[in-house]
Student: 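Following this message is one structure expressed as structure tokens.
Sequence positions, counted from 1, serve as the residue numbers for this chain.
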Amino acid sequence: MVVKALNRHHKFLRGRLGHAIDMKFTPALKFLHDDTFDTAAKMSALFADPRVAQDLEPQEPPPAPDGRGILDDKEEPSRRLGGSWKEED
């Protein structure tokens, strides 16, 4: 409703803007509805849902495949499994 009124009076607003700015030509004005706040509210509601919130909480990493404990991301993969990347002859 507000957007329609702004677009209906765009010529008047363009004239007022033209007197207020220092440009040779005043740009044409076209007003559009911005639904960013509606989308943000929907996203906030989704994040507040307990089913989604449980996925946002950090989880404990899985144990190592050899059963010795949790994988250390800083270790090289060959050392984690006790092997080597190269095939030995």
Side-chain angles (χ1 to χ4, degrees):
M1 192 156 155
V2 172
V3 175
K4 282 184 180 180
L6 288 170
N7 281 317
R8 191 169 44 241
H9 298 289
H10 75 280
K11 290 180 183 177
F12 169 77
L13 295 170
R14 182 177 181 215
R16 295 292 301 246
L17 181 64
H19 293 296
I21 61 174
D22 186 27
M23 292 180 70
K24 186 172 183 175
F25 298 104
T26 306
L29 300 178
K30 182 177 181 182
F31 298 93
L32 303 172
H33 175 71
D34 182 7
D35 63 353
T36 304
F37 292 109
D38 298 333
T39 305
K42 288 177 186 176
M43 290 179 66
S44 293
L46 283 173
F47 287 131
D49 186 325
R51 295 173 293 175
V52 175
Q54 73 182 2
D55 292 338
L56 298 175
E57 295 175 8
Q59 297 181 5
E60 188 173 315
D66 61 4
R68 292 188 295 166
I70 296 173
L71 287 174
D72 182 5
D73 289 337
K74 294 177 184 166
E75 271 186 285
E76 293 179 31
S78 62
R79 297 186 187 274
R80 288 186 210 164
L81 302 176
S84 173
W85 285 97
K86 296 180 182 176
E87 290 184 27
E88 295 182 22
D89 296 320

Student: Kindly work out whether a path of hydrophobic side-chain contacts (I/L/V/M/F/W/Y, heavy atoms less than 4.5 Å apart) joins Val2 to Phe12.
Tutor: yes
Student: What pairs of residues pass the salt bridge (charged side-chain N to carboxylate O under 4.0 Å, His left out) test when at least one of them lies in residues 41-52, not counting sequence neighbours?
Tutor: Asp49-Arg51
Student: Does the side chain of Leu13 reach to within under 4.5 Å of the side chain of Phe31, using non-hydrogen atoms?
Tutor: yes
Student: Do Phe37 and Leu46 share a hydrophobic cluster (ILVMFWY, side-chain heavy atoms under 4.5 Å, transitive)?
Tutor: no
Student: Scan His9, Lys11, Arg14 and name whichever one has a side-chain contact (heavy atoms from CB on, under 4.5 Å) with Leu29.
Tutor: Arg14
Student: If I compare all heavy atoms of Gly18 with all of Thr26, which pair ends up nearest, and what's the gap?
Tutor: CA-OG1, 3.2 Å
Student: Taking only residues two or more places apart in sequence or in another chain, which ones pass side-chain contact (heavy atoms from CB on, under 4.5 Å) with Phe47?
Tutor: Met43, Val52, Leu56
Student: Which salt bridge (charged side-chain N to carboxylate O under 4.0 Å, His left out) pairs, counting each pair once, include a residue from residues 19-39, with sequence neighbours left out?
Tutor: none
